[in-house]
Amino acid sequence: MAKSNETRSLPKTKTIHGVEVRKMPCGKYFEALQTLKDLPEDFIKELSDNEQDFKLSEMFTMENIMKLVMQLLVTLPDFTLEFLSKIIGIDKEILKNELTPKELLDIVQEFWKMNELESFFDQVKPMIQKAITLIGFNEQSPSASKSE
């Protein structure tokens with residue numbers, strides 16, 4: 001598939017708040033996404049507000065990702081910083097000790113744009129839903145469904 005002129009003109013790196021944001025290869029995404037399976041079930045339930053029709057795959061828009069990152073930073077800061085460190089390629093200590101929350105969101109936003117993640121997630125939403133089911137987010141675990 002030929003790249004559009006817009007895609008070809010996107011910079012490969014950009015420095016924001018002293019942090020170099022760059023395009024990342026697929027391997028970095030897969031490595032970081034593996035950590036999502038460690039999200040506590042309670043957090044997934046909190047995200048969904050106990051709505052039956054909640055789909056994690058619907059979270060993958062710029063606006064929803066910013067809300068998700070903020071919610072994750074409040075409820076699971078170490079997990080979130082570790083995840084962002086892996087996916088963006090920034091040392092966790094820099095994220096934790098040198099950036100303000102606004103600066104971190106600016107970096108996440110630029111990373112999202114630079115790596116064309118909006119387009120990517122639009123194309124893979126059906127696959128994401130299947131993957132979510134496979135790792136168990138759509139079903140209650142047997143221990144959670146037992147009433148005592």
Side-chain angles (χ1 to χ4, degrees), residues 1-139 141:
M1 180 193 273
K3 291 187 176 188
S4 70
N5 287 338
E6 181 184 340
T7 302
R8 277 184 255 170
S9 67
L10 290 173
K12 293 189 181 198
T13 64
K14 186 173 183 180
T15 301
I16 299 178
H17 304 298
V19 172
E20 185 179 87
V21 178
R22 61 188 177 276
K23 291 184 180 184
M24 290 301 229
C26 289
K28 283 302 240 183
Y29 291 104
F30 298 139
E31 178 185 322
L33 291 173
Q34 284 297 307
T35 64
L36 290 180
K37 69 182 181 184
D38 297 328
L39 272 173
E41 187 176 330
D42 290 346
F43 180 75
I44 298 302
K45 286 180 183 175
E46 183 179 322
L47 265 184
S48 68
D49 292 327
N50 295 317
E51 293 177 27
Q52 296 294 67
D53 61 347
F54 171 79
K55 293 181 179 153
L56 189 59
S57 62
E58 298 301 317
M59 292 295 296
F60 297 115
T61 65
M62 176 65 81
E63 182 181 337
N64 288 339
I65 286 294
M66 293 300 111
K67 289 177 188 175
L68 178 62
V69 168
M70 285 309 297
Q71 192 169 4
L72 280 166
L73 283 170
V74 170
T75 57
L76 299 167
D78 286 333
F79 174 88
T80 307
L81 292 175
E82 185 69 33
F83 175 77
L84 291 174
S85 171
K86 284 182 183 179
I87 201 163
I88 298 175
I90 302 170
D91 185 273
K92 182 181 171 184
E93 292 305 311
I94 291 172
L95 294 177
K96 186 175 183 177
N97 298 316
E98 295 181 24
L99 299 173
T100 68
K102 164 84 169 77
E103 290 170 340
L104 178 58
L105 287 181
D106 289 346
I107 291 166
V108 170
Q109 234 173 353
E110 185 58 38
F111 179 81
W112 186 268
K113 283 189 256 179
M114 184 173 287
N115 286 278
E116 302 175 272
L117 294 178
E118 190 90 34
S119 174
F120 171 77
F121 284 114
D122 282 346
Q123 293 176 34
V124 297
K125 275 183 185 176
M127 292 180 272
I128 291 172
Q129 189 57 47
K130 186 173 182 174
I132 288 168
T133 301
L134 288 173
I135 58 177
F137 284 159
N138 264 7
E139 303 169 13
S141 68

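- In terms of the side-chain hydrogen bond (donor to acceptor under 3.5 Å, both in side chains) criterion, E98 has no residue partners (sequence neighbours excluded).
- Side-chain contact between L84 and L72 is absent, with no heavy-atom pair separated by less than 4.5 Å.
- Taken to the nearest 0.5 Å, the CD1 atom of I88 stands 11.0 Å off from the CE atom of M114.
- Under the side chain to side chain contact (heavy atoms under 4.5 Å, CB included) criterion, E31 pairs with K28, K86, not counting sequence neighbours.
- Atom CD1 in I107 sits 11.5 Å away from atom CD in E20 (nearest 0.5 Å).
- Judged by distance alone, the side chain of D91 and the main-chain N or O of E93 form a donor-acceptor pair under 3.5 Å.
- A distance of 11.5 Å separates CD1 in I16 from CZ in F111, rounded to the nearest 0.5 Å.
- In terms of the side chain to side chain contact (heavy atoms under 4.5 Å, CB included) criterion, residue partners of S85 (sequence neighbours excluded) are, by chain and number, K92, L95.
- Of the candidates L104, V19, L81, I90 forms a side chain to side chain contact (heavy atoms under 4.5 Å, CB included) with just one, namely V19.
- D78 is linked by a side-chain hydrogen bond (donor to acceptor under 3.5 Å, both in side chains) to nothing, counting only residues two or more places apart in sequence or in another chain.
- Between E82 atom CD and I87 atom CD1 the span is 12.5 Å, to the nearest 0.5 Å.
- Scanning for side-chain hydrogen bond (donor to acceptor under 3.5 Å, both in side chains) contacts around D106 gives H17, K102, with sequence neighbours left out.
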